[in-house]
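These notes are about the structure you will find just below.
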Amino acid sequence: MEEAERRDHRRLGAELDLFSFPDEIGSGLAVFHPKGGTVRRVMEDYSRRRHEESGYEFVYSPHITKQALFETSGHLEWYADGMYPPMHLDADYDDEGNIRRPGQNYYLKPMNCPFHNLIYRSRGRSYRELPMRLFEFGSVYRYEKSGVVHGLTRVRGMTQDDAHIYCTKEQMPAELDSLLTFVLELLRDYGLDDFYLELSTRNDEKYVGADAEWAEATEMLRLAAENQNLDLVMDEGGAAFYGPKNSVQTKHAIGRTWQMSTNQVDFHLPQRFDLEYQSADGSRQRPVMIHRALFGSIERFFAVLLEHYAGAFPAWLAPVQVVGIPISDAHVEYLQGVARQLHARGIRVEVDASDDRMQKKIRTAQKQKIPFMLLAGDEDVSNAAVSFRFRDGTQENGIPIADAVERIVSDVVERRA
RNA sequence: GCCGACGUAGCUCAGCUGGUAGAGCACUUCACUCGUAAUGAAGGGGUCCGCGGUUCGAGUCCGCGCGUCGGCUCCA
């Protein structure tokens, strides 16, 4: 079997019982199983923590909205093809079938930005509140063309780790710079380390905003990118009509490149939503908005990590971190005691108490790519010890229980192994 | 969305030119109690993707729909 096929996230997703795409739900709509759910939750939890430390505020918004919002944002003008068709609600008819009340359309949201703009606009804002960084794991729905749907990398329902940063023009250079640093640092924490940056500039045929604004923002993005000492590739004319962007292109272990993180300057939406803040001199000013997604979508990021690690997630992300394998039934209880100690330290641990033979249990755990196998037989029991088998096949026998627990906990906490 | 292929048990697949289904793994039960990648035996499980049509008879042929895969175009 080819390496690429062996690492294909769709194959691994089924083999490791992480997620599936039931036909009954529809094309491009995934369900995450308990194990995939665990990986995803750990990914999200770590991201939340880092965002919290970096000055983001967490918001929530609904999955559907009245049509008017997407008229204001302009999505219905330029993005309607990518949206699920509307639900028509609240219409009222008399006995003759004449309309008494026209009703209105509700849409599934394809993007989160309009909602965040409403949060910004919910009261007057002061320059003292800026930069304001609103973050949400926002689930969006896009009616992707049937031929492009592909596993978790191209879906119709996804969750973005979406943030919108509202700041003054003066704050933009520093904000773009620290943003890119933050993004790269976090991607490295997840184990990705082969990046280049891309700068998408204005498409002269299709844009809004003043020339000077574009030139200035593009230059700021360029400076931020150059500060990272990474290769910078120009994507001339590749920007969206509302502003330039830079993006992080990530190469995973089998060499495929994915665009994940994007930092996008937007001159357009603050205007459409009439966003304002009051500056120190008392005048009303328009903030600049930066759209950014770090994972891109959690689904795609999940797929990229799954392929990057070929399913062998590092211990901190692994759905099951430790499996206890008794040499015989007599040692089940002993291992359950060890498991309780690990569990008390927050480790995801199971004991394989099935009536398979020990060799078979090792094979099963190996195929599940579980980071730590803890074996115990009479020898270990009499020494109050366990024996490690790691998924690379190496082993370390007769480790005292307390040492084994510390070793596992520290590998998980330090995000090693 | 377009072009092409495909859809049989939870998974991977077999099933000749039409005569109402089979293997391995997984699962359940029993026996075995074993020191680093598969112990043995027995058993359960299938509206053959869906709906129509042709036929005495359709998993097998035809049409439509749904889904998957590969490519084009597009994207997080």
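Below, chains carry the letters A, B, ... as their sequence lines are ordered, and counting in each starts from 1. Just the heavy atoms: all of them, side chains too, but no hydrogens, waters or symmetry mates, feed the values below.
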Open item on the list: Taking rU39(B) as the reference, what is the distance to rC34(B) when you measure between their P atoms (whole Å, please)?
Closed with: 15 Å
Open item on the list: My understanding is that a pair needs two contacts under 3.5 Å, Watson-Crick or G-U wobble. By that rule, which nucleotide pairs with rU33(B)?
Closed with: none
Open item on the list: When the P atoms of rA41(B) and rA26(B) are compared, how many Å lie between them, rounded to an integer?
Closed with: 13 Å
Open item on the list: Under 4.0 Å, counting only non-hydrogen atoms across every strand here, what does Asp356(A) touch: a base, just sugar-phosphate, or nothing?
Closed with: nothing
TODO: Under a 3.5 Å limit for both distances, which nucleotide forms a Watson-Crick or G-U wobble pair with rA9(B), could you say?
DONE: none
- [ ] Just call it for Met358(A): base, sugar-phosphate, or nothing, with non-hydrogen atoms closer than 4.0 Å on any strand.
- [x] sugar-phosphate
Task: G-U wobble or Watson-Crick pairing nucleotide for rG4(B) (cut-off 3.5 Å, both distances) - done: rC69(B)
Open item on the list: Return whichever of Arg363(A) or Ser387(A) has its heavy-atom-nearest nucleotide of RNA chain B closer to the 5' end.
Closed with: Ser387(A)
TODO: Assign Ser27(A) to base, sugar-phosphate, or nothing according to its heavy-atom contacts below 4.0 angstrom with the strands shown.
DONE: sugar-phosphate
Task: Partner nucleotide of rA26(B) by Watson-Crick or wobble geometry (both distances under 3.5 Å) - done: none
TODO: Determine the Euclidean distance between corresponding P atoms of rU55(B) and rU8(B); express it in Å to zero decimal places.
DONE: 29 Å
Task: Sugar-phosphate, base or nothing in reach of Val140(A), heavy atoms under 4.0 Å - done: nothing
- [ ] Provide the Watson-Crick or G-U wobble partner of rU17(B), both distances under 3.5 Å; none if there is no partner.
- [x] none
TODO: Could you tell me which nucleotide pairs with rG45(B) by Watson-Crick or G-U wobble geometry, both distances under 3.5 Å, or answer none if nothing does?
DONE: none
Task: Identified ring-ring contact (aromatic ring centres under 6.0 Å, His included) counterpart of His268(A) within the set Tyr207(A), Phe241(A), Tyr242(A) - done: Phe241(A)
Open item on the list: Regarding Lys145(A), tell me which of base, sugar-phosphate or nothing describes its non-hydrogen contacts under 4.0 Å with the strands shown.
Closed with: base
Open item on the list: Does His343(A) have more than 12 heavy atoms from other residues, nucleotides or ligands lying within 6.0 Å of its NE2?
Closed with: no
Open item on the list: Just to verify, what does Asp161(A) make a side-chain contact (heavy atoms from CB on, under 4.5 Å) with, not counting sequence neighbours?
Closed with: Phe135(A), Phe137(A), Arg292(A), Ala293(A), Leu294(A), Phe295(A)
- [ ] With P as the reference atom in both, quote the distance from rC51(B) to rG45(B) in angstrom, rounded to an integer.
- [x] 22 Å
Open item on the list: On RNA chain B, does the nearest nucleotide to Arg10(A) precede the nearest nucleotide to Ser297(A) from the 5' side, or the other way round? Give the residue.
Closed with: Arg10(A)
Task: 5' to 3' contact window, RNA chain B with chain A (heavy-atom distance under 4.0 Å) - done: rG1(B) to rA76(B)
- [ ] Answer with base, sugar-phosphate or nothing: what part of the nucleic acid does Glu299(A) contact at a heavy-atom distance below 4.0 Å?
- [x] nothing
Task: Pairing partner (Watson-Crick or G-U wobble, both distances under 3.5 angstrom) of rG59(B) - done: none
Task: rC75(B): pairing nucleotide in any strand, Watson-Crick or G-U under 3.5 angstrom - done: none
Task: Distance, C1' atom - from rC66(B) to rC30(B), rounded to whole angstrom - done: 44 Å
TODO: Please state the P separation for the pair rA58(B) and rC48(B) - nearest whole angstrom.
DONE: 12 Å
- [ ] Using the C1' atoms only, state how far rC6(B) lies from rG59(B), rounded to an integer number of Å.
- [x] 15 Å
Open item on the list: Under the criterion side-chain hydrogen bond (donor to acceptor under 3.5 Å, both in side chains), I'd like the reasoning laid out for Thr262(A) against His291(A): C-alpha separation, chi angles, the key distance, then a yes or no.
Closed with: CA-CA 8 Å; Thr262(A) 62; His291(A) 302 249; over 6 Å; no
Open item on the list: Any carboxylate oxygen within less than 4.0 angstrom of a Lys/Arg side-chain nitrogen, looking at Arg416(A) and Asp411(A)?
Closed with: yes
Open item on the list: Please give the distance between the P atoms of rG57(B) and rG52(B) as a whole number of Å.
Closed with: 15 Å
Task: Aromatic plane relationship, Tyr190(A) with Trp316(A) - under 30° parallel, 30 to 60° tilted, over 60° perpendicular - done: tilted
Open item on the list: Under the criterion side-chain hydrogen bond (donor to acceptor under 3.5 Å, both in side chains), I'd like the reasoning laid out for Arg133(A) against Ser54(A): C-alpha separation, chi angles, the key distance, then a yes or no.
Closed with: CA-CA 9 Å; Arg133(A) 307 181 186 92; Ser54(A) 301; over 6 Å; no
Open item on the list: How about CD on Glu219(A), more than 12 heavy atoms from neighbouring residues, nucleotides or ligands closer than 6.0 Å, or not?
Closed with: yes
